[in-house]
Student: 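First the structure, which I've put down as structure tokens, then a few questions once you've had a look.
Every chain is numbered from 1 and lettered A, B, ... according to where its sequence line falls, protein lines coming before strand lines.
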Amino acid sequence: MYALIDCNNFYVSCERIFRSDLINKPVVVLSNNDGCIIARSNEVKQLGVPMGAPLFQYRTLLEKYHTTIFSSNYQLYADISRRIMMLIKQYAPCMEVYSIDEAFIQFESRTDYFAFASHLKKIIKQWIGVPVSIGIAPTKTLAKAANYVAKNNTSNGIYICLSKQISLLLKQVPLSEIWGVGRNMLEQFKRAGITTSLNLQQRCSHQIQKKYGVVYQKLVMELKGQSFLPLENIQPKQKIMSSRSFSYEIIHFHELAEAIANFISTATKKARSQKSMATGLQVFVRTNRFNQKSPQYRNFIEMNFDTPTNDTGHLIHIAKQLLKQIYREGYRYKKAGVSLTGLIHESAVQHQLLPCIMPAPRKRLRQLLDNINQKQGRNAVYFASQGNHRTWMPNCNCRSPRYTTQWNELYLVDATY
DNA sequence: TCTGGGGTCCTAGGACCC
DNA sequence: TCTGGGGTCCTAGGACCC
């Protein structure tokens, strides 16, 4: 059997840990640059505010209901997530961390599913402060569906589906909510007369495979109760991306280059932390696609290396050369980013026959930089090309304190002393 | 005025091999 | 006019996820 443990309105719940005054009050969390609404409390969902909606379209409505608005605080959310996952792991060693707010666990059949789920739910609320929903079923896809019912159709946030009860479960889950059915497939299925989860479950999996491919064959088998998707281990990323929308539209090359240098710094740091080297680099820029009045331009360039690297300085240099090739004067750039591609493990690097371009001292330098930044805080030391002011950095005007990861932002219990 | 930032997998088709 | 029968690897694009 599988269980899916999913945090309720995760980012909002993280904010509420330290703001108990906001429980049962409308709360939203915004994307980078304070652009879109990416997490909503139940009160806000009930107002009809959709996921991913631009803030400016709903600001009046939110203000009318005295909604508390937060910029995103990823350091906080990542730390809370880490604590929850560690706690779950104590109860269920066979575990897959599926996303920042979801984990699958697998266990042998037992008789006390409900007691087990209730205990887990209670302990996570008590120790961490985050409410979760738990769905239990014979396959991962069905556990996802059970979690949907747990969240929406139950009062205790737990739903258990045994093998014989699959039809009863699927009757409560719209096809659009089935894991793996996106907007496109929903349309395609609809044209084939498949409009409900049960319709899809009852189709012959071979015919589904012929028409839609092996992905959807597995999906149908999973809906029938036959497990095809195993728990997966955390794999090193195959590519690492870093990009941002700017707080204003950038015109000058040097500002764009400064932003790109920062993206390289972020991406290479991630690559080093998973002991990966990049064999390729992509750089892209684009103007504001929503501002149809100003001329539009977007471009992308990539380069592959003979010698894999994760050296920040080296990659900043290359990225700047690439940026020169796609930068055009006269445009107003709103977004840019980089991707490290073809990542391979350090130990798998094939060295060149001819002298390596990356002498050993660079490796020591990289380690030193990472160590200092680890101890002293992000960007305690950085490359000059990353700039000092970074005025282009996305807005985050309503970010809460990073209560659990920054000494100077600790939760203040009493300020009298 | 204001519109996020990441990822994965699969398939079809072309280039190339013997 | 006639023109084999296998393979592999790579890439672009399309689908999905949070």
Student: Please name the residue in the list L198(A), T141(A), L169(A) that meets the side chain to side chain contact (heavy atoms under 4.5 Å, CB included) test with L223(A).
Tutor: T141(A)

Student: Looking at every strand, decide which applies to D34(A) at a 4.0 Å heavy-atom threshold: base, sugar-phosphate, or nothing.
Tutor: nothing

Student: Report the nucleotide, chosen from dC10(B), dG4(B), dA15(C), that has the shortest atom-to-atom distance to any side-chain atom of S245(A).
Tutor: dG4(B)

Student: Out of dC18(C), dG7(B), dC2(B), which has the shortest distance to the side chain of F56(A)?
Tutor: dC2(B)

Student: Is any side-chain nitrogen or oxygen of K335(A) closer than 4.0 Å to OP1 or OP2 of dG5(B)?
Tutor: yes

Student: Rounded to whole angstroms, how far apart are NZ on K144(A) and P on dC16(C)?
Tutor: 15 Å

Student: Can you tell me the distance, in whole Å, between the CZ atom of F70(A) and the P atom of dG4(B)?
Tutor: 21 Å

Student: Between Y248(A) and E255(A), does any side-chain donor sit less than 3.5 Å from a side-chain acceptor?
Tutor: yes

Student: Can you tell which of dT3(B), dG5(B), dC18(C) lies closest to the side chain of N288(A)?
Tutor: dT3(B)

Student: Will you find, in the side chains of Y77(A) and E15(A), an N or O donor that is under 3.5 Å from an N or O acceptor?
Tutor: yes

Student: Considering only dC18(C), dC16(C), dG6(B), which nucleotide approaches the side chain of M185(A) most closely?
Tutor: dC16(C)

Student: Choosing from dC17(C), dC10(B), dG4(B), which nucleotide comes nearest the side chain of K218(A)?
Tutor: dC10(B)

Student: Cation-pi between R390(A) and Y382(A): NZ/CZ under 6.0 Å from ring centre and within 45° of the ring axis?
Tutor: yes

Student: For W179(A) and dC16(C), what is the distance between atoms CH2 and P respectively, to the nearest whole Å?
Tutor: 14 Å

Student: More 5' along DNA chain B: S243(A) or K334(A), using each one's nearest nucleotide?
Tutor: K334(A)

Student: Among K224(A), Q217(A), E222(A), find the residue that satisfies the side chain to side chain contact (heavy atoms under 4.5 Å, CB included) test when tested with V220(A).
Tutor: K224(A)

Student: Side chain of V214(A) only, heavy atoms from C-beta on: which candidate in dT11(B), dG5(B), dC18(C) is closest?
Tutor: dT11(B)

Student: So does Q207(A) have more than 12 non-hydrogen atoms from other groups sitting under 6.0 Å from CD?
Tutor: no

Student: Set out, in order, the CA-CA distance, both residues' side-chain angles and the distance that settles side chain to side chain donor-acceptor pair (under 3.5 Å) for S13(A) and N8(A), then state yes or no.
Tutor: CA-CA 7 Å; S13(A) 297; N8(A) 300 347; over 6 Å; no

Student: Considering every strand and a 4.0 Å limit on heavy-atom distances, what is the contact class for Y216(A): base, sugar-phosphate, or nothing?
Tutor: sugar-phosphate

Student: Using a heavy-atom cut-off of under 4.0 Å over every strand shown, decide if E102(A) touches base, sugar-phosphate, or nothing.
Tutor: sugar-phosphate

Student: Using atom CD of Q238(A) as one end and atom P of dT8(B) as the other, report the distance to the nearest whole Å.
Tutor: 5 Å

Student: Strictly by Watson-Crick or wobble contacts shorter than 3.5 Å, is anything paired with dG13(B), and which nucleotide is it?
Tutor: dC10(C)

Student: CG of D101(A) versus P of dC17(C): gap in Å, rounded?
Tutor: 15 Å

Student: Please work out if R59(A) contacts a base, only the sugar-phosphate, or nothing of the nucleic acid, heavy-atom cut-off 4.0 Å.
Tutor: nothing

Student: Under 4.0 angstrom, heavy atoms only, what part of the nucleic acid is I240(A) near: base, sugar-phosphate, or nothing?
Tutor: sugar-phosphate

Student: Find the distance Y212(A):OH to dG14(C):C1' and express it as a whole number of Å.
Tutor: 16 Å

Student: How would you label the contact of S72(A) with the nucleic acid (heavy atoms, under 4.0 Å): base, sugar-phosphate, or nothing?
Tutor: nothing

Student: Of all the choices, dC2(B), dC18(C), dG5(B), which nucleotide is nearest to the side chain of R244(A) once you look at every atom?
Tutor: dG5(B)

Student: Look at R286(A) and dT3(B) and indicate whether a side-chain polar atom (N or O) is within less than 4.0 Å of OP1 or OP2.
Tutor: no

Student: Which whole-number value in Å describes the distance from Q188(A) CD to dC10(B) C1'?
Tutor: 14 Å

Student: Which listed nucleotide (dG5(B), dC10(B), dG7(B)) is nearest to the side chain of M241(A)?
Tutor: dG7(B)

Student: Find the distance K269(A):NZ to dG6(B):P and express it as a whole number of Å.
Tutor: 14 Å

Student: Heavy atoms from C-beta onward define the side chain here; which of dG4(B), dC10(B), dA15(C) lies closest to that of V215(A)?
Tutor: dC10(B)

Student: DNA chain B: K270(A) or N33(A), which has the more 5' nearest nucleotide?
Tutor: N33(A)

